[in-house]
Amino acid sequence: MAQVKQYPFDEIEPKWQKHWQDIKLFSCDVSKTKDKYYCLVMFPYPSGALHVGHGRNYILGDCVTRYKIMQGANVLSPIGWDAFGLPAENTAIKGKLHPKKSTEDNIKIMKKQLHRWGIGYDWDREITSCYPDYYKWTQWIFLKLYEKRLAYKKKAAVNWCPSCQTVLANEQVVGVRCERCDTKVGEKDLEQWFFKITDYAQRLLDDISKLEHWPERVKIMQTNWIGKSTGVQIDFPVVDSDIVLTCYTTRVDTIFGATYMVLAPSHPRIRDLIKDSPDKEKIYSFIKKVKAQNKQERASVEIEKEGIFTQRYVINPANKRKIPLWLANYVLVEYGTGAVIAVPAHDQRDFEFAKKYNLPIEIVIQPPASSRQPPEELEEAYEGDGIQVNSVQFDGLDNRTAMEKIADWMEDIKIGRRTVHFKLRDWLISRQRYWGAPIPVIYCEKCGTVPVPEKDLPVLLPENIKFKPYGKSPLADCKEFINTKCPKCKGKAKREIDTMDTFVDSSWYYLRYLSAHDDTKAFDSKLVNKWLPVDQYIGGVEHAILHLLYSRFIAKVLFDLGYTSFGEPFSRLFTQGMIIKNGAKMSKSKGNVVSPDELIKKYGVDTVRLYTLFIGPPERDAEWNDRAVEGSYRFLGRVWRLAEQVKNQSSVVSRQSPETSHLTRKIHQTIKKVTDDIEGGFKFNTAISAIMELVNDSYIALDENQDPSTIKEAAKMVILLLSPFTPHICEQLWQNLGNTESIFKQRWPKFDKDLIQEEQLTIPVQINGKLRSKVIVPADIDEEALKEKVFQDKIVKKWIGDKKYKKVIVVPKHLVNIVV
RNA sequence: GCCGGGAUGCUGAAAUUGGUAUACAGUAUGGAUUUAAAAUCCAUUGGAGCUUAGCUCCGUGUGGGUUCGAGUCCCACUCCCGGCACCA
């Protein structure tokens with residue numbers, strides 16, 4: 001336990017935090033765009049007190065901000081609150097505290113914490129998404145999408161969370177459970193508002209390649225989420241009927257091997273197809289059985305494939321063959337057309353199904369000769385490439401070529417057409433909830449759906465409301481809200497009672513910061529075009545898909561509407577890892593939350609910041625270790641004492657050392673290392689270890705009574721280099737060294753190229769690849785001189801003896817290897 | 001199953017991207033200082049062996065390969081963590 005204070009952190013921290021406020025260190029004049037730098041952290045949801053895991057995000061952002069300020073950039077570092085959302089409403093239902101109140105309380109707590117952490121923001125630009133001056137413009141965004149026909153309403157089977165009493169987007173269901181409250185999700189049919197993000201699927205996919213400075217893993221996740229596939233839609237006429245069933249396949253080369261067709265049990269045409277079937281009852285009970293298994297359950301377990309014959313046949317238009325029509329549980333109605341053409345020889349699922357129900361298997365792609373088998377001996381489907389067989393005019397082609405030729409042929413004779421398919425689905429934005437931005441739409445008996453005119457925004461959320469544990473949205477009972485006049489005919493009309501998904505709020509907030517209090521428009525196009533895209537966006541990897549994809553989508557819509565001149569909102573993205581405690585993500589429910597407040601009280605905030613940064617590479621998850629915090633605390637004590645010592649020595653007249661000392665070189669090497677580590681991508685952990693080395697070397701120099709002015713210079717550099725990480729102690733020490741201006745008005749130090757190399761090098765000498773000796777040589781030695789030196793070495797002579805060497809490999813400045 | 005990421009001391013982790021593996025910390029042990037403790041400072045802290053001022057081998061999940069030289073590159077595999085999942 002640290003019972004003796006290393007340095008008076010409790011005095012200096014509040015002092016400097018106040019000072020930064022007084023000199024308005026972080027307020028940004030956005031009219032000046034020279035050297036602009038927009039550093040953005042994902043705005044937090046006000047959930048209550050922050051833990052050290054949250055802290056990582058803000059500390060990283062703060063380090064970048066302070067570093068860039070010292071680089072001379074005009075830095076915009078804003079903050080706000082993603083303040084709408086379910087938890088506040090759930091609290092209201094349980095605790096009778098109004099969401100507005102609880103949200104404001106939480107914001108107060110978190111704001112205090114951010115200040116206490118010493119995180120620098122331009123607080124004049126603070127935004128809160130649940131206030132009318134913000135959500136007015138969220139509603140405006142909705143109207144713009146509506147005008148562009150990118151917002152539409154449709155009835156859809158949606159995920160229904162019985163606990164939250166709200167609809168969840170497919171994307172928000174985790175396993176079979178609600179992302180937020182972990183309740184098992186059911187299904188319900190409702191009229192819902194959607195944003196047509198699928199219209200942008202291709203562009204969202206294409207532009208991923210423009211995101212040079214995004215983590216590879218995030219780009220891959222988004223690519224997979226959009227899930228593009230190209231294939232062919234083929235029409236299959238049903239025998240003795242005028243129904244035509246359309247199938248989608250990505251393997252049109254296997255079409256001649258189709259031996260049956262399968263429909264999803266909820267395919268819309270089933271009723272028509274089986275209305276005269278003798279097995280009608282059996283089929284209906286099968287459908288009922290499959291529908292009882294919800295989608296997630298069907299997917300999560302490797303359940304047995306089951307199916308039933310419909311007693312109907314379809315014609316394969318490629319070869320006019322009559323094939324049976326089945327229903328099966330492994331086909332999903334949500335994907336493709338809900339109808340699958342089954343090729344058991346070349347699709348494993350079809351293969352298993354065919355084996356079970358004794359359906360024929362026919363090979364149409366011949367694998368390499370070695371692995372050929374007759375169909376009845378196959379143990380699994382062959383899904384690889386090969387040569388076409390049994391495919392009439394396409395026999396002998398390789399299947400990749402055949403795929404194109406067959407598609408051409410089908411388009412020619414009009415039995416099929418090429419199509420592109422995306423997994424991405426439209427963004428469901430309706431929430432049957434109170435605590436969100438009301439959807440600005442009015443329903444009139446005469447005029448139908450009428451958008452609220454822009455001049456009537458915002459549609460205010462009524463504050464006097466009753467909260468009910470279940471049932472309809474609280475807005476449904478609020479007559480003053482619902483009853484209104486039609487903007488068109490002035491007749492009686494009702495308001496939409498759904499509110500918007502909070503991802504809508506967060507899909508455009510980064511534009512609002514530039515003109516946070518402008519009540520005439522959502523954002524200032526001129527400013528936004530100068531300041532965007534965001535130079536550095538920092539947030540948790542959990543937002544890798546939803547938030548980041550929606551923001552990209554909205555940015556593109558606003559670009560298309562001519563409001564902005566950029567198609568991508570964030571040019572550089574950093575996703576930090578989670579802080580783990582006892583092997584799990586910190587959460588209140590798991591009871592493993594580490595509160596920063598106590599640690600800050602005990603060690604000071606700089607220690608907590610330093611440890612958070614030193615714990616490991618920021619993009620990786622890291623296990624929090626309370627005891628290890630003390631190491632960071634001790635280090636800051638060492639820095640403090642070093643600065644105190646050089647301060648006292650400052651009066652000593654420095655004697656010029658004839659040669660550049662080791663410490664001088666170390667200073668410049670450290671400046672280079674720290675600068676490179678920050679620029680090269682958030683490698684704060686190694687930057688800090690380099691500073692630690694410089695401190696250690698300074699103490700050694702002190703012990704050896706080396707030139708005090710050099711040691712003082714080293715201490716000065718330690719303070720400067722450390723200042724983005726531990727700003728409070730650095731400010732104080734900077735002042736102690738006799739400076740009157742804030743350290744953040746200082747320029748980031750530059751290193752001297754000539755001094756970053758050692759004057760002497762220790763070159764390892766290998767013989768046949770094994771380390772045998774080391775020679776010390778001048779740093780600027782040339783290859784020949786180095787060789788000579790090596791062969792004079794006693795140990796080398798001993799190893800080689802009289803033997804002739806075959807060759808000598810010299811890696812300049814690195815090593816010499818002699819092959820004997 | 002597929003797609004990502006990873007595996008290095010007792011622990012968190014470094015390694016100039018193919019060039020002295022384990023930097024910087026943490027932990028532990030011993031010592032100095034102290035009436036005592038805390039704090040501070042010093043030493044040791046991958047393994048084995050030896051003829052122990054030191055030296056020699058082995059050692060980066062496993063097995064192979066390329067190379068003068070591999071934690072790093074190639075092939076095959078095992079395990080762990082994320083994401084997706086009967087996607088036609």
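Computed from a prediction, not measured in an experiment: that's the story for all the values here. In what follows, chains carry the letters A, B, and so on, assigned in the order in which the sequence lines appear, proteins first and then strands, with residues in each chain numbered from 1.
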Worksheet item: Under 4.0 Å between a side-chain N or O of N817(A) and OP1 or OP2 of G19(B)?
Response: no

Worksheet item: What about F503(A) and W427(A), are their ring centers closer than 6.0 Å?
Response: no

Practice prompt. Compute whether any side-chain donor of one residue and acceptor of the other, for Y603(A) and S632(A), lie under 3.5 angstrom apart.
Written response: no

Discussion item. So, does R634(A) get its side chain near the phosphate of G26(B), meaning an N or O under 4.0 Å from OP1 or OP2?
Written reply: yes

Discussion item. For the backbone of I729(A) and the side chain of D606(A), can you confirm whether one donor and one acceptor N or O come within less than 3.5 Å of each other?
Written reply: yes

Fill in: Separation of the P atoms in C68(B) and U44(B), to the nearest angstrom
38 Å

Worksheet item: Looking at Q6(A), does any N or O in its side chain come under 4.0 Å of the phosphate oxygens OP1/OP2 on U40(B)?
Response: yes

Worksheet item: For F635(A) and U40(B), what is the distance between atoms CZ and C1' respectively, to the nearest whole Å?
Response: 16 Å

Practice prompt. Go ahead and name the base partner of G54(B); Watson-Crick or wobble counts if both distances stay under 3.5 Å, otherwise write none.
Written response: C50(B)

Item to complete: Quickly work out the N625(A) CG to A28(B) C1' distance and round it to whole Å.
Response: 14 Å

Item to complete: Grab the NZ-C1' distance between K602(A) and A38(B) for me, whole Å please.
Response: 13 Å

Worksheet item: With respect to the side chain of F614(A), which nucleotide from U20(B), A25(B), A88(B) is positioned closest?
Response: A25(B)

Practice prompt. Write down the distance between CD (Q222(A)) and P (G83(B)), rounded to a whole number of angstrom.
Written response: 16 Å

Discussion item. Quick check on A28(B): is either OP1 or OP2 less than 4.0 Å from any side-chain nitrogen or oxygen of R627(A)?
Written reply: yes

Worksheet entry | U17(B), syn or anti by chi within 90 degrees of zero | syn

Item to complete: Calculate the interatomic distance between L815(A) atom CG and U16(B) atom P; express it in whole Å.
Response: 15 Å

Worksheet item: Any donor-acceptor pair under 3.5 Å joining the side chain of Q766(A) to the base of G19(B)?
Response: yes

Item to complete: Using a cut-off of strictly less than 4.0 Å, decide whether R638(A) has a side-chain nitrogen or oxygen near OP1 or OP2 of C41(B).
Response: yes

Worksheet item: U78(B) and U29(B): how far apart are their P atoms, nearest whole angstrom?
Response: 42 Å

Item to complete: Using only heavy-atom distances, determine whether the side chains of D350(A) and Y330(A) contain a donor-acceptor pair under 3.5 Å.
Response: yes

Discussion item. Checking contacts here: which listed nucleotide (U20(B), A14(B), C24(B)) is nearest the side-chain heavy atoms of E693(A)?
Written reply: C24(B)

Discussion item. Output the rounded distance in Å from NZ (K356(A)) to C1' (C86(B)).
Written reply: 14 Å

Discussion item. Can you see if the side chain of N224(A) gets near the phosphate of C87(B) - specifically, an N or O under 4.0 Å from OP1 or OP2?
Written reply: no

